[in-house]
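Written out below as structure tokens is the structure these notes cover.
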There are 2 protein chains.
Amino acid sequence: MARREAKTKPTARTLDARKATILEAVVTEHIDTAQPVGSSSVAHSADVAVSPATVRSEMVALEREGYLAQPHTSAGRVPTDKGYRYFVDHLTSGVLSTAQQHQVKDFFASVRGEVEDVLEQTSTLLSQLTSYTAVVVGAGHSHATILSVQLVSLDARHQLLVAVFSDGSVAKHSVLTSFDAGSLEVSEASRQLNALLIGTTLEQRVQVPSRHDNVATLVRESVSVLHAERPVTDGEHVFIGGSSKVAEVFDGVETVRKVLSILEQELLVVSLVQDMLDQGLSVAIGSEHGYEPLLSCAVIVAPVTVDGAPAGAVGLLGPTRMKYREALAAAGVVSQHLARHFGGEEERG
Amino acid sequence: MARREAKTKPTARTLDARKATILEAVVTEHIDTAQPVGSSSVAHSADVAVSPATVRSEMVALEREGYLAQPHTSAGRVPTDKGYRYFVDHLTSGVLSTAQQHQVKDFFASVRGEVEDVLEQTSTLLSQLTSYTAVVVGAGHSHATILSVQLVSLDARHQLLVAVFSDGSVAKHSVLTSFDAGSLEVSEASRQLNALLIGTTLEQRVQVPSRHDNVATLVRESVSVLHAERPVTDGEHVFIGGSSKVAEVFDGVETVRKVLSILEQELLVVSLVQDMLDQGLSVAIGSEHGYEPLLSCAVIVAPVTVDGAPAGAVGLLGPTRMKYREALAAAGVVSQHLARHFGGEEERG
DNA sequence: ATTAGCACTCAATTCTACCGAGTGCCAACC
DNA sequence: GGTTGGCACTCGGTAGAATTGAGTGCTAAT
């Protein structure tokens, strides 16, 4: 009697096989037609072996439980966010077409240049693979150690602090002084900064000299400026590829405008991605990410891990009716290649 | 007889006063209604003191001469590119509203940070002022002299070259070697590079050592990598603000997509701006700039000049029916403030 | 429990009529 | 001669009315 959970399911977290199949059929069809899906097209679809009437009654149930919605009486059904959620949770993982696999392989085989350039180009690649807008976030250098610090004098009161990190990134900050700094003072400060900071990360606090002479002040200023990296983004490494896809993929000027204007605020994009990573989400659908202007969007993220440490993430932004299987596959493959690319580089040492 | 050019004007380069007034009325009205303009609304407009019938016959002439076009019989007239061109060529220069003047002033009074950050924020400002998409191009460091060069070892075969320029910009390039470089060799190469390059610009060629030892090879490699800056863009300083405005300002998804996809190709944007500066154009309308996907766009550029030398440019991109007077004023004011901002900074030295 | 049958709903499409903004032309007027 | 009022004509846009058809919900039969 207790073996079957027959009677006890007010709103079961899981659907019986037939409902699941029907839901899947609706989602699949709606994804590639963008139209409400009717009972008969579901009934005639491959894995469903019942009549439209039966499908209809199941659909009523699915609607009652919140997986489907009806734009208006006498239209077909459309998946709700919850419906999409069920769909992606039960998605079998997909693979790229061989042509796409080649494209990715060729790309990573031939890509050259600075980290930033690679990430930038990767965002374009990912966008081309999926025809959605792609986001690539570099982790920033908060975990990297400092290899070199240098103070360069632009003019007497205006120094430029340049720090090189072990991940190959470079930070640059102006340091303004209230006194005229002589070139000897600057180079002495530079020397002390090196002694002080090499080998540390931005997260470690260091002992700064408390004296009040020019050199000590310069050193103190420099350290504080360097450590004052913007808290959230911390690395300015956000690359957005294929923002023009937004105009292809969403309908309604208003939606396009909203989404574009979100994408303009890189800080926002980074925190969205970060939030999702923190929650261990790989897909956020509609309202799930909590950003109101992105209600009609789905976001996919895949972390990039180099040597066990988080090194960034790649993401995709499309409509809720995006091609999840393909998009997830693309994001996954690209993130792995990216990880290998950067991992491989360091192994060469 | 020769005094009046009465008979000799097959297609006069200049329009008589009444035609000019009528053309101006049509352009002005069409710019703020986005509708074809009929003879009667022109006739009733302020500066025109003739009947609709007269206006009509003048319009026929203006159409014959290519200043106006008719979407279809029995619609009003719409300016052609040539019509807009005449309009902007005879435009009295405008000023910003006091609110806008304040906004600009406040912005430049409070803006802080690295050049890149300032330019980035300026692009946002300009876009907000005009509700068009703004472009800010930094000149790049081809004219700046090198203040410091440093080679930092990431691993034995992988060095990072960091150069600081007199304009406060920093260039960073990987240098890969086919041999394992020892830290002594790297620092010696670094020393030599400094001796060789400090005070030069990227445009000056320098004598590199021709020896075949590791240090000399490293130095040669570094110099060539540094001088191999991408030819056109040369400075990676392109900032685009308010790309979401594209969706507001153009109608037709297809147009929006085209324009966005142009904006994604920063190289293309830079060369467009550069072309216009070279030709001394400040406004390019429709086909004038020769970029087919931007046929329905008008582009405004204003150079930024610091100490007599070109230091970049600001630009605006909108529909051909953009508010030229306001946009020109905004671009002008912002470019001047920008020039003063950077000029002012250096004077402090 | 499933399904065929059927009445019903309602968005989308088509068709029609019509309106009116705007034109081009002409004859009258100054 | 240039200007203007008058007038017939064009043609896109809009508003209804009629029609279509995809899709539903319900019910009774299997």
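Note on naming: letters A, B, ... go to the chains in the order of the sequence lines (proteins, then strands), and numbering restarts at 1 for each one.
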Does a side-chain N or O of [X] approach OP1 or OP2 of [N] to a distance below 4.0 Å, or not?
{"X": "Arg56(B)", "N": "dG2(D)", "answer": "no"}
{"X": "Ser39(B)", "N": "dT23(C)", "answer": "yes"}
{"X": "Thr73(A)", "N": "dT9(C)", "answer": "no"}

From [atom1] of [X] over to [atom2] of [N], roughly how many Å is that when rounded to an integer?
{"X": "Glu63(A)", "N": "dT24(D)", "atom1": "CD", "atom2": "C1'", "value": "11 Å"}
{"X": "Arg77(A)", "N": "dC10(C)", "atom1": "CZ", "atom2": "P", "value": "14 Å"}
{"X": "Ile22(B)", "N": "dT3(D)", "atom1": "CD1", "atom2": "P", "value": "10 Å"}
{"X": "Gln70(A)", "N": "dG25(D)", "atom1": "CD", "atom2": "C1'", "value": "10 Å"}
{"X": "Lys19(A)", "N": "dT2(C)", "atom1": "NZ", "atom2": "P", "value": "10 Å"}
{"X": "His44(A)", "N": "dA4(C)", "atom1": "NE2", "atom2": "C1'", "value": "13 Å"}
{"X": "Glu58(B)", "N": "dT3(D)", "atom1": "CD", "atom2": "P", "value": "7 Å"}
{"X": "His72(A)", "N": "dA12(C)", "atom1": "NE2", "atom2": "P", "value": "6 Å"}

Restricting to pairs with a member in residues 54-63 of chain A, which pass salt bridge (charged side-chain N to carboxylate O under 4.0 Å, His left out), not counting sequence neighbours?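 Sorted result for residues 54-63 of chain A: Arg18(A)-Glu58(A), Lys19(A)-Glu58(A), Glu63(A)-Arg77(A).
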According to the interplanar angle, ranging from 0 to 90°, do the rings of His30(A) and Tyr84(A) count as parallel (below 30°), tilted (30 to 60°) or perpendicular (above 60°)? tilted
Mapping Pro36(A) and Val50(B) to their closest nucleotides on DNA chain D, which lands nearer the 5' end?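 Per heavy-atom nearest nucleotide, the more 5' residue is Val50(B).
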Does the side chain of Ser51(B) pick up a donor-acceptor pair with the side chain of Thr54(B) at under 3.5 Å? yes
Closest to the [X] side chain: [options]?
{"X": "Ser40(A)", "options": "dC10(C), dG23(D), dC25(C)", "result": "dG23(D)"}
{"X": "Ser74(B)", "options": "dA21(C), dC10(C), dT2(C)", "result": "dA21(C)"}
{"X": "Thr54(A)", "options": "dT3(C), dG24(C), dT3(D)", "result": "dT3(C)"}

Answer yes or no: is there a donor N or O on one side and an acceptor on the other, between the side chain of Tyr132(B) and the main chain of Lys323(B), under 3.5 Å?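 A pair under 3.5 Å: yes.
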Name the one of Thr255(A), Val259(A), Ile262(A) that satisfies side chain to side chain contact (heavy atoms under 4.5 Å, CB included) with Val246(A)? Val259(A)
